[in-house]
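These notes are about the structure you will find just below.
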Amino acid sequence: MCRKALLVLWSLLAAAHVVAARDAGVLWTSKVQPIIDVNCLKCHGPLQQKSGLELDNLDAMLKGGDDGAVVVPGKPQDSLLFKNLAADAEQHMPPKKQLTEADQKVIREWIASLSAADVTPAQKPRAARHFETVTEGVDTLMSEDWQQRKLKPAGAVDDRTWCKRVYLDLAGRICTQLELQAFLDAPAATKRAAMVDQLLASDEYPVRMRELWDVFLMGRPKRERTEDQRKKNGWWAFLENGFRNDRPWNETVHAILVARSKQPEDKGASWFVYERRDDHQAIAEAVAPLVYGTKINCAQCHDHPLAREIKQAHYWGLVAAYNRCKNVEGGADVSESAVGGFVNFTNLKKESQPAIVTLLSGGTVKEKRPADDQKEEDEDDNYVDPKAKVKVPKFSRRAAFADAATQNNPLLARAFVNRLWSVFLGRGIVQPADEMNGRNAPSQPELLDWLAQDFAAHDYNVRREVRGILLSRVYALGATDAPPETFAGAIERPLSAEQIARSWRVAAGLPPKDDALRRATITALPDVLPKDYNATYQQAQFLANSSLIADILKPGSDGTIKRLAAAPDPTVRVREAFLATYDRLPDGEESKRAKAFIQSRSKRPLEADRDLMWAMMTSAEFLTTP
């Protein structure tokens, strides 16, 4: 590629998308709370409240401490929280440390932005409302939320953009020109619903969903061998079949938690536990976001320092649910003992407590605990089949936990719909999407409540949920400068490595599947739905110099490059290149610059076409969801 094209590429990758805080809520979440967490919670958090003052949550802060209010809305000069930050303050805070001028300015700005309405106690939740479809519920509740915020949402995107967006989300790739044209020519009144239904019924949809939930549940494989093992041992097929057959999500989760193949559709589910190689704490930490929607890692040594509802008992209760498990070598089976696994944990007060399977949603798994001086006997009668290689106890602790976690656990539905929302809208209603706890309030609480209740009421039907969100008004919005948590416009979403690899091949006029390109792209760009996207030099090097990208853009290969070469008119070549990569025509300035680039290399036209395509395929427009 020419130096100019590389410089353009690098500038596109390095550009940061900065959204200024616009109100007290945004300032609190994005700037003030992190400052408080780092500097104040040791003395004024869940574990200790000096002077009766708690600063770990907004309600407690606004309530004040023994000396009264520390925040006066709109008046930082009268607020102790701000006044005590001054270097010469009589009661200087934080002790033995001076906040930077920038941090002080943030706190001052936040207090100044507070109004009386911000400190008014929240109203009780309204009674559950009924909507016939997910789309109706989303559209109604989001519209009400925008009205309350006095926000005007962005306009809807055109059909071309919407079609490309849906293909990326459901098929994991951009659409071909033929697919786009078929959509544009379809009857206007029904074509969007028909397109979503068509993709939901395709073989690409379950693969795309498996790619996402494989990472959400297992993380990116650190080695190719790990990926091969997930595929070989049926984990991929288990996830794909669940999405393909629209298996109720609670049943899918139950199979994952039990980690035994009682029926054919459960084959491969045990790999979730098996891959963690008898590390019961790692299993517990992976289970929590799945069934509760939040990480619990911080509750290992003490109650969670920020989210008060997460206790040590919840962490060690999950460990207890799996500490009777042991991998059976030579496959992916996980055996379970009928005895043992009774352990204690120690809190910060040096008190020993028994680890009982305790659910974050409430309740415990009941089982008889032996006396301290009682020795348990592991007898054949304790097992369903004592001679079986894979031991299954008549009372299975992990099966009892799986029952409780998938039958009487409202957090399960909330966790899934929030994660699904983040996939299609760019962030969760609770953000981060895997930290749904008291520390992170939902931006649209009524919507989250309704989506979760509706999802559970309709038998955890994933396809219904996906369809409803994708046909909603909010999904079809264009760009806006409104705060992202309002969902008043599209949020920029970086494509995953799988989406990029397949879309590159589609743009090049080739079949989308290519394992070598996919794996190389995953290695270079491993993040899926990153909280903050920051391009690295190594990523730019891959995008600029990968031999695998060069292979699909070889001048002599079939596909887009060959088609461009057949058109002697530079204007036609530019137009075809834009349609192949961006599914749109170039504007005047783009056409002028691209045409000039091609003409400047008229002696090597095939390389000019290749480099133009390469630059476009690695641009910010291509690498993000439209």
Pair [X] + [Y], salt bridge at N-O below 4.0 Å:
X	Y	result
R220	E498	yes
E285	K295	no
R324	E336	no
D145	R149	yes
R129	E136	no
R414	D449	yes
R173	E204	yes
R208	E211	yes
R464	D454	yes
D169	R493	yes

Nearest heavy atoms of [X] and [Y], plus distance in Å:
X	Y	value
N409	A404	CB-O, 3.8 Å
Y315	I296	CD1-O, 3.4 Å
R502	G172	NE-O, 3.1 Å

Does the ring of [Y] carry [X] above it, NZ/CZ under 6.0 angstrom from centre and within 45° of its axis?
X	Y	value
R192	W162	yes
R210	W236	yes
R419	Y292	no
K191	F183	yes

Should the heavy atoms of other residues, nucleotides or ligands under 6.0 Å from NZ of K366 be counted, would the total exceed 12?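 No, not enclosed.
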
Does the side chain of [X] reach to within under 4.5 Å of the side chain of [Y], using non-hydrogen atoms?
X	Y	answer
E309	N437	yes
T624	L495	no
F487	W421	yes
T294	D434	no
M61	V71	yes
N440	Q431	no
W316	T358	no
V462	T252	no

Please check if the side chain of [X] supplies one atom and the backbone of [Y] the other of a donor-acceptor pair under 3.5 Å.
X	Y	result
H458	F455	no
T486	P483	yes
D303	Q312	yes
S270	D333	no
D158	T161	yes
T406	A402	yes

State the [atom1]-[atom2] distance between [X] and [Y], to the nearest 0.5 angstrom.
X	Y	atom1	atom2	answer
L168	T625	CG	OG1	5.5 Å
D214	K231	CG	NZ	12.0 Å
L470	F424	CG	CZ	5.0 Å

With side chain to side chain donor-acceptor pair (under 3.5 Å) as the criterion, how do T133 and R467 come out once you've worked through the C-alpha distance, each side chain's angles and the decisive distance to 0.1 Å? CA-CA 10 Å; T133 66; R467 186 181 192 274; over 6 Å; no

Take H302 and Q300, measure what side chain to side chain donor-acceptor pair (under 3.5 Å) needs, and give me the verdict at the end. CA-CA 6 Å; H302 47 71; Q300 177 181 349; over 6 Å; no

Steps toward side chain to side chain donor-acceptor pair (under 3.5 Å) verdict (Q407, N250): CA-CA 8 Å; Q407 294 174 10; N250 61 333; over 6 Å; no

V430 vs E435, test: side chain to side chain contact (heavy atoms under 4.5 Å, CB included). Steps then yes/no. CA-CA 8 Å; V430 174; E435 294 186 40; over 6 Å; no

Using the rule side chain to side chain donor-acceptor pair (under 3.5 Å), only one of K63, H44, R308, Q49 pairs with E54; which is it?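 Filter result, single survivor: R308.
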
With N323, which of R397, Q281, H280 fulfils side chain to side chain donor-acceptor pair (under 3.5 Å)?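 It is R397; the other options fail the test.
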
Verify the ring-centre separation between Y274 and W235: is it less than 6.0 angstrom?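 Centroid distance W235-Y274: not below 6.0 Å, so no.
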
Are F416 and Y460 close enough that their ring centers fall under 6.0 Å?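 Distance test on ring centres: not under 6.0 Å, no.
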
